[in-house]
Amino acid sequence: MTEPAASPLSVSSLPALPGLFEEGFHPDPYRSYQLLREQGPVCPARYLPGSPAWVVTRYAEAEALLRDPGLLRDRRHMDPRKELPAAALPGVVAPYFDNILARRDPPDHTRLRQLVAHRFTAREVRRLRPGIRAAVGRSADRLAARRPGPVDLVAEFAGPLPARVLGELLHLGPDDRDELLVRTDAVRTLRPGHVGDLLHGPLHSMVRFAGRLLRMRREQPGDDLVSDLAGAHASGLLGDDELLTLLISLLMAGLDVTASLIGTAVLTLLTRPGQWERIRADRALVPHAVEEVLRYRCPLELAARRFTGGPCTVGGVTVPARNTVQIALAAANRDPRRFPDPERFDIGRQDKTHLAFGHGSHFCIGADLGRAEAELALTALLDRFPRLELAVAPERIAWRASFLRAPAALPVRLA
């Protein structure tokens, strides 16, 4: 029997979801997350203007729901009365968001993930580390040329680095690497509530760029992800829309998340000199520092939204069918029920578990690659600029008002 649509939440009576849509919230969203956690494991709130959601903020409930097959990704399972206004997602934007890997349910999700998973295994990333290290080294060389500074570490290092690494791994020529950097930088300016305005043009440009890469690899296939996808399409394993969307989503997800992680890691460590000194003295602690940054300030504050196929009970709260569930990863990662003293940043923390990359079947496919890039980037900065320091007071650092939490700019002095 088809489940009747639940009565819509009263949007006007709901608190805004923290961390994304409140002016001035981004510098420190964690107080609001704490207040939500204290209300209960799940609370109704606004996800986007005009779109209510049930927000999960506690670790145990978040972990369970991330692996719950009863929560669906396809937005066709959502009550249309809770959908965004159509004007917010014009043209190519809505189909793009509908078809990315993060929004597909089994069996389509399983099929698509299996086509690309071999390119993101821990073993494959270990094989790629020399190429990643070389790209990081060249980025550090460009940064060194800006001595003595100050220089914006986001614009000059953290932002461009993942695109340069990807260009290396995809065997792109210099012009294509530069174009990839320009296209991804345009799309990463995405702001909640302005999806259509900011993505309509940049996304079309990215579609054209991805299409050209696919044509190149059809003519001259190689040992890379684009060639894999072109071959899968030629074999009938990928549809036309799936081919382009899968490539774009893989390109964009890794680039922006990794850039955000690197910038956030540097800022977090530089504002805690004792922690920076620890990894400067012992490079073996760099991976531990990356994991603690992921827990303490995970770039992706919110998992991709999910929808209840039927009534769902979360921590004693029943969420009706066809409602949106939004899992706040940043809130769960500071849940005192899971982590002792969660507001303290400590690279020596013994428990390295967190939800920054999600959990379950939708665990971030590029997690190992992102970790490797962040570790090698921090190591290069420590080697080349051991006395690196902020050029402005920490309170003057502006945070991006976007789906990813990261400093918008990071002025530093190179030493």
Side-chain angles (χ1 to χ4, degrees), residues 73-76 91-128 131-132 135 162-184 186-187 199-200 202-258 304 361-370:
R73 295 299 192 97
D74 191 327
R75 70 189 182 108
R76 289 175 295 183
V92 72
V93 177
Y96 167 76
F97 278 109
D98 286 345
N99 289 312
I100 61 175
L101 190 60
R103 294 191 182 277
R104 302 297 289 271
D105 295 311
D108 284 339
H109 173 263
T110 307
R111 171 178 58 87
L112 295 173
R113 189 176 177 108
Q114 287 176 344
L115 290 174
V116 297
H118 65 287
R119 289 290 179 183
F120 297 94
T121 63
R123 178 178 180 180
E124 179 68 5
V125 171
R126 285 194 297 271
R127 185 183 73 83
L128 296 173
I132 299 172
R164 289 172 179 151
V165 169
L166 189 60
E168 184 89 14
L169 302 184
L170 295 181
H171 312 298
L172 300 182
D175 291 343
D176 288 324
R177 294 184 192 189
D178 290 343
E179 185 174 353
L180 175 62
L181 183 59
V182 170
R183 300 305 176 208
T184 54
V187 178
L199 270 188
H200 191 71
L203 185 57
H204 275 293
S205 297
M206 179 57 78
V207 167
R208 289 194 297 271
F209 175 72
R212 186 161 61 80
L213 288 184
L214 286 165
R215 288 192 297 273
M216 288 168 52
R217 289 298 181 261
R218 285 192 184 102
E219 296 170 2
Q220 294 182 314
D223 182 17
D224 60 77
L225 175 64
V226 182
S227 298
D228 292 348
L229 294 177
H233 178 256
S235 301
L237 299 175
L238 274 176
D240 293 342
D241 290 340
E242 290 177 332
L243 171 66
L244 207 53
T245 298
L246 185 57
L247 175 57
I248 294 171
S249 61
L250 289 170
L251 291 177
M252 292 307 307
L255 294 172
D256 210 2
V257 172
T258 303
S361 63
H362 279 273
F363 182 79
C364 177
I365 197 170
D368 286 321
L369 180 59

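Not measured: the values here are computed from a predicted model. Note that the numbering runs from 1 along the sequence shown for the chain.
Distance alone, capped at 3.5 Å, is enough to place a donor-acceptor pair between the Ser249 side chain and the Leu246 backbone. Of the possible donor and acceptor atoms, none in the side chain of Thr110 sits under 3.5 Å from a partner among the backbone N and O of Pro106. The backbone N or O of Leu237 sits less than 3.5 Å from a side-chain atom of Arg111, completing a donor-acceptor pair. Under a 3.5 Å cut-off, the side chain of Arg177 and the backbone N or O of Leu172 do form a donor-acceptor pair. Judged by distance alone, with hydrogens and angles left aside, the side-chain atoms of Ser227 form no donor-acceptor pair with the main-chain N or O of Pro221 at under 3.5 Å. Not a single donor-acceptor pair under 3.5 Å links the side chain of Asp368 to the backbone N or O of Val125.
A salt bridge is defined here as a Lys NZ or Arg NE, NH1 or NH2 lying under 4.0 Å from an Asp or Glu carboxylate O, and Asp224 with Arg119 fails to meet this definition. Remark: Glu179 does not engage Arg208 in a salt bridge, criterion side-chain N to carboxylate O under 4.0 Å.
Contact detail for Arg218 and Ala230: the closest heavy-atom pair is CG-CB, 4.0 Å. Of all the heavy atoms in Gly167 and Leu180, the pair that sits closest is N-CD2, 4.4 Å. Closest approach of Leu244 to Gly211, counting heavy atoms only: CD1-N, 3.8 Å. Nearest approach of Ile248 to Ala210, heavy atoms of both residues: CG1-CB, 3.8 Å.
Remark: Leu225 CG to Leu229 CG distance equals 4.5 Å, nearest 0.5 Å. With rounding to the nearest 0.5 angstrom, the NE2 atom of His233 is 9.0 Å from the CG atom of Leu214. In this structure, Glu219 CD and Met216 CE are separated by 8.5 Å, a value rounded to the nearest 0.5 Å. If you take CG on Leu170 and CG on Asp176, they are separated by 10.0 Å, rounding to the nearest 0.5 Å. Within the model, atoms CD1 of Ile132 and CZ of Arg164 stand 15.5 Å from one another, a figure rounded to the nearest 0.5 Å.
In this structure, the side chains of His362 and Arg73 come closer than 4.5 Å at one or more pairs of heavy atoms. When side chains are defined from C-beta on, Leu369 counts as touching Leu169, because their heavy atoms get closer than 4.5 Å.
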Practice problem: For the pair Leu250 and Ile365, evaluate side chain to side chain contact (heavy atoms under 4.5 Å, CB included) and give the outcome as yes or no after the intermediate values. | Solution: CA-CA 9 Å; Leu250 289 170; Ile365 197 170; 4.1 Å; yes
Practice problem: Show your reasoning for whether side chain to side chain contact (heavy atoms under 4.5 Å, CB included) applies to Leu101 and Thr245. | Solution: CA-CA 8 Å; Leu101 190 60; Thr245 298; over 6 Å; no
Self-check item: Criterion side chain to side chain contact (heavy atoms under 4.5 Å, CB included) on Asp228 and Val116, from CA distance to verdict
Solution: CA-CA 8 Å; Asp228 292 348; Val116 297; over 6 Å; no
Quiz item: Would Asp223 and His171 count as a side-chain hydrogen bond (donor to acceptor under 3.5 Å, both in side chains) if you check the C-alpha gap in whole Å, the side-chain angles of each, and the deciding distance to 0.1 Å?
Solution: CA-CA 9 Å; Asp223 182 17; His171 312 298; 5.9 Å; no
Quiz item: Step by step, would you call Asp105 with His109 a side chain to side chain contact (heavy atoms under 4.5 Å, CB included)?
Solution: CA-CA 5 Å; Asp105 295 311; His109 173 263; 5.7 Å; no
